[in-house]
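Below is one structure, written out as C-alpha cells; the observations come after it.
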Amino acid sequence: MFSELFAIIAPILVCSGIGFTWAKSGTPYPADFVARAVMNIGAPCLVVAALNRAEVDLSLFAQVAFSALLVLASMAVISVAAIRMFKLKVSTFLPSLLFPNCGNMGLPLCFFAFGEEGLALALGYFLVMMLGHFSIGILIVGSGHNRLSQRLLDLLKLPVFYAMALGVVLLFTGWSLPIWLDNSVTLLSGFTIPLMMITLGVSLAQLKVAMISHSLAFSSLRILGGLALGWLCCESLGIEGISRGVVLLQSSMPVAVFNYLLAQRYNREPSEVAGLVVTSTLMSFVLTPLLLAYLL
C-alpha cells in the first residue's frame with residue numbers, strides 16, 4: 001500500500017520540490033510567461049486531448065460535473081457565513097474558499113491514482129470549477145473595478161473556454177480530431193501538468209503566511225469542508241468507484257494559487273490570500289495521502 005501511495009504522491013512532491021528549490025536558489029523564474037503559456041496553450045490542449053481520447057461513460061462524466069456544481073453552491077453558502085462570522089471581506093476570501101486547486105494538484109493526483117479514466121472524469125470537475133472561477137470568481141474579486149460588461153468581455157478572450165466547448169462536443173458526439181491535430185494538441189498538452197506543479201512550488205517558496213489563525217480556520221474549511229460536501233454528494237447521488245474517488249479528491253483540494261494572482265491584480269489583501277494558499281497546500285500534503293489510503 002505504501003509503495004502505491006508513494007507512486008501517486010511522488011510526482012507531485014518532485015515537481016513542486018523542483019519549483020521550490022528553483023525559487024530559493026535565486027534563479028529568476030518567468031512565472032508570468034509560464035502562467036500565460038499554461039492558460040492559453042497548455043490547459044486548452046490538455047482539455048481537448050484528454051476528452052478526445054477519453055473512453056468514459058458520459059453519465060459518469062455528467063455526474064462528476066454535477067457534483068462539482070453542488071459542492072460549489074453549498075460551499076458558497078457555508079463560506080459566506082464563515083467569513084461574516086470573522087467580520088472579514090467576502091470579496092477577498094470567498095473565491096479562495098470556493099475554488100480549489102483542482103488543476104495544479106487535482107488533475108495529476110486523479111491521473112496517477114485512477115489512470116486515464118480518472119483524468120477524464122477529473123476534467124469534468126475541473127471544467128465546472130474553471131468556468132466558475134473565470135466568471136463568478138472574477139466578478140466577485142473584481143467588483144468595484146472594471147465595469148461588469150468589460151469583465152465579461154475579458155472572459156470571452158480566454159482560449160480555455162473554447163477548448164472546453166470543443167472537448168465536450170467531442171466527448172458527447174463521439175467525433176475525433178484529425179490525427180495530425182490530435183498529435184499536435186497531445187504534444188502541447190504534455191507540458192501543462194509538470195509546469196503547473198513546478199509553478200506551485202515556486203509560489204509556495206515566495207508566498208508568506210499572514211493572519212495565521214484565519215489561515216488555519218479557512219484552510220480547514222476549504223479542505224475538510226470540501227471533502228465533507230463531496231462525500232455528501234456521493235452519498236446522495238449514489239456515486240461509486242473511480243467517480244467517487246475523483247469527486248472526493250477534487251473536493252478536498254487546497255486553495256488555488258490563481259486566487260492569489262487575482263487578489264494581487266485587484267488589490268484584495270493579497271498577503272492574506274497568500275497565507276491561505278500556503279497553509280492549505282501544506283495541510284493538503286499531510287491529509288491527501290490519508291484520503292488516498294482510504295480510497296485505494
Side-chain angles (χ1 to χ4, degrees), residues 35 38-40 43-44 46-47 50-51 61-83 89-107 110 120-143 145-146 148-168 171 196 218 221-223 225-230 232-233 237 246-263 265-266 268 273 276-277 280:
V38 168
M39 289 307 304
N40 294 323
L46 177 65
V47 170
L51 295 182
F61 185 89
Q63 201 173 43
V64 170
F66 183 61
S67 297
L69 188 60
L70 290 179
V71 170
L72 182 61
S74 302
M75 182 62 79
V77 175
I78 296 171
S79 298
V80 169
I83 294 168
K89 294 180 180 178
V90 172
S91 58
T92 296
F93 293 96
L94 182 57
S96 296
L97 295 174
L98 289 184
F99 304 110
N101 200 348
C102 53
N104 289 36
M105 286 188 66
L107 291 182
C110 291
L121 291 172
L123 280 169
Y125 199 105
F126 172 72
L127 294 180
V128 171
M129 289 298 171
M130 279 284 290
L131 184 61
H133 209 163
F134 283 97
S135 54
I136 300 170
I138 289 179
L139 293 177
I140 293 172
V141 77
S143 58
H145 288 261
N146 297 334
L148 175 61
S149 58
Q150 182 58 50
R151 280 178 273 151
L152 292 175
L153 185 61
D154 290 341
L155 297 178
L156 296 178
K157 298 178 182 179
L158 297 172
V160 70
F161 279 141
Y162 302 102
M164 291 178 193
L166 176 58
V168 169
L171 184 64
M196 281 180 169
F218 286 152
L221 177 58
R222 171 55 264 156
I223 295 175
L227 177 60
L229 291 174
L232 286 173
C233 282
L237 297 177
V246 166
V247 170
L248 293 179
L249 271 177
Q250 290 285 55
S251 299
S252 65
M253 287 296 98
V255 177
V257 177
F258 190 72
N259 289 301
Y260 167 72
L261 300 179
L262 284 180
R265 176 178 177 183
Y266 292 103
R268 295 292 187 185
V273 176
L276 289 179
V277 173
S280 64

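Throughout, residue positions are numbered sequentially from 1 according to the sequence presented. Bear in mind that the values here come from a model prediction, so they are computed numbers and not experimental data.
Contact between R222 and M253 at its shortest, heavy atoms only, is NE-O, 3.1 Å. Between A163 and V47 the shortest heavy-atom distance is O-CG1, 3.8 Å. Closest non-hydrogen pair, Q250 versus P100, comes out as O-CG, 3.9 Å. Across all their heavy atoms, S96 and V273 have their closest contact at OG-CG1, 3.5 Å. Minimum interatomic distance between V38 and P44 (heavy atoms only, all atoms of both residues): O-CD, 3.8 Å.
Here NE2 of H133 is found 11.0 Å from CZ of F126. Values are rounded to the nearest 0.5 Å. Taken to the nearest 0.5 Å, the CG atom of L51 stands 8.5 Å off from the CG atom of L46. The CG atom of L97 sits 11.0 Å away from the CD1 atom of I223 when rounded to the nearest 0.5 Å.
Here side-chain hydrogen bond (donor to acceptor under 3.5 Å, both in side chains) pairs that include residues 120-132, with residues two or more places apart or in two chains, are Y125-S251.
Taking V168 as the reference, L127, F172 meet the side-chain contact (heavy atoms from CB on, under 4.5 Å) condition, with sequence neighbours excluded. In this structure, the side-chain contact (heavy atoms from CB on, under 4.5 Å) partners of S74, at least two apart in sequence or on a different chain, are L229. Listed by chain and residue number, F99, I140, V141, N259 satisfy the side-chain contact (heavy atoms from CB on, under 4.5 Å) test with P95 (two or more places apart in sequence, or in another chain). Among residues two or more places apart in sequence or in another chain, the side-chain contact (heavy atoms from CB on, under 4.5 Å) test is passed with A228 by none.
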Please list, one pair per line, the donor and acceptor atoms closer than 3.5 Å that link side chains of residues 61-69 to other protein atoms, with sequence neighbours excluded.
| residue | atom | partner | partner atom | Å |
| --- | --- | --- | --- | --- |
| Q63 | NE2 | L237 | O | 3.4 |
| S67 | OG | Q63 | O | 2.9 |

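Judged by distance alone, with hydrogens and angles left aside, the side-chain atoms of S280 form a donor-acceptor pair with the main-chain N or O of V255 at under 3.5 Å. For S79 (side chain) and A76 (main-chain N/O), no donor-acceptor pair under 3.5 Å exists by modelled atom type.
Inter-residue side-chain proximity for C110 and L121 is flagged as unmet; no heavy-atom pair is nearer than 4.5 Å.
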